[in-house]
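Reviewing the structure listed below.
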Amino acid sequence: DSGVTQTPKHLITATGQRVTLRCSPRSGDLSVYWYQQSLDQGLQFLIHYYNGEERAKGNILERFSAQQFPDLHSELNLSSLELGDSALYFCASSARGAMTDTQYFGPGTRLTVL
Amino acid sequence: ILNVEQSPQSLHVQEGDSTNFTCSFPSSNFYALHWYRWETAKSPEALFVMTLNGDEKKKGRISATLNTKEGYSYLYIKGSQPEDSATYLCAFSGHGGATNKLIFGTGTLLAVQP
């Protein structure tokens, strides 16, 4: 158990809908990262937050947005969902956000868009 | 475009065999190389973070080496056990950003037969 929690574990929804994925980092960690794992693709970096502020964006679609709240939990919002958004979404946390920080991964949320 | 490549894609060994696999990454702007172990239906688990050329890290029967000048890292497993069966991922982070953005390879899937 990494100490990172994600809810829900599974989510099934329809095209065009909007969903929110939630992540709570390990106690004391200030950084939260979101990754997407699609079929036949490696883990793709989406976005990084540090202590409430956005630090970097990867290949995140405009239909996707995220935020980190004062209690440091984070939410990833996915809107106007398409079939291709079906994937495993991971949240990871680290102490600070330095390049040598270990990132600890949560159990993931499996999103299925029908 | 930064590319991280892992080989082989998959590996089948017998219990007790020793094995190794490779991660290739850009040698310029290197900052850190991360190794993760990812068991089916679980989340990626951090093994090592390596930063220095010539670095060698060890955790039980698993060890890793790093060559930043030529851009590769090896992961070794001595005396493989069935519980070592997993996908082993490496991830690269480089200079040029103020964030620990990890670029993942697609992994080496290891299956250890009892």
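The analysis underlying the following values was restricted to heavy atoms, covering all of them including side chains, and did not include hydrogens, waters or symmetry mates. The structure presented is a predicted model; accordingly, all values stated were derived computationally and were not measured. Every chain is numbered from 1 and lettered A, B, ... according to where its sequence line falls, protein lines coming before strand lines.
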_As an exercise, state the distance from NE2 of A/H48 to NZ of B/K101, rounded to the nearest 0.5 Å._
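Taking NE2 in A/H48 and NZ in B/K101, the distance rounds to 12.5 Å.
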*Can you measure from CG (A/D101) to CG (B/L102) and round to the nearest 0.5 angstrom?*
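Rounded to the nearest 0.5 Å, the CG-CG separation comes to 10.0 Å.
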Specify the closest pair of heavy atoms between [X] and [Y], including all atoms of both residues, with the distance to one decimal.
X	Y	result
B/K42	A/F90	O-CZ, 4.5 Å
B/H34	A/M99	NE2-O, 3.2 Å
A/T102	B/A46	CG2-CB, 3.3 Å

Within a reach of under 6.0 Å around [atom1] of [X], are more than 12 heavy atoms found that belong to other residues, nucleotides or ligands?
X	atom1	result
A/D71	CG	yes
A/L83	CG	yes
A/R110	CZ	no
B/Q9	CD	no

Under 4.5 Å between side-chain heavy atoms, hopping through other hydrophobics if needed: is there a path connecting [X] to [Y]?
X	Y	answer
B/Y31	B/V49	no
A/I47	A/V32	yes
A/Y50	A/I60	no
A/L88	A/Y33	yes
A/F45	A/F105	yes

*Does any heavy atom of chain B fall under 4.5 Å from the side chain of A/Q37, the backbone, both, or neither of them?*
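A/Q37 touches chain B through side-chain heavy atoms alone.
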*asked:* Can you tell me which portion of B/F48 sits under 4.5 Å from chain A's heavy atoms? Options are side chain, backbone, both or neither.
replied: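 Looking at B/F48, nothing touches chain A.
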*Atom group of B/W38 that falls short of 4.5 Å from chain A, counting heavy atoms*: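 The answer is the side chain of B/W38.
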*Show your reasoning for whether side-chain contact (heavy atoms from CB on, under 4.5 Å) applies to A/Y104 and B/E45.*
CA-CA 7 Å; A/Y104 296 90; B/E45 174 198 349; over 6 Å; no
_Neighbourhood of chain A inside residues 60-89 of chain B, taking heavy atoms under 4.5 Å as contact_ = B/L89
_Ring-ring centroid check A/Y35 B/F104, cutoff 6.0 Å_ = yes
*Could you tell me whether the side chain of A/T100 reaches within less than 4.5 Å of the side chain of B/S93, counting heavy atoms only?*
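No. Closest side-chain heavy atoms not under 4.5 Å.
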*Options B/A32, B/S43, B/A91, ranked by heavy-atom pairs under 4.5 Å with chain A, top entry*: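 If we count pairs closer than 4.5 Å to chain A, B/S43 comes out on top.
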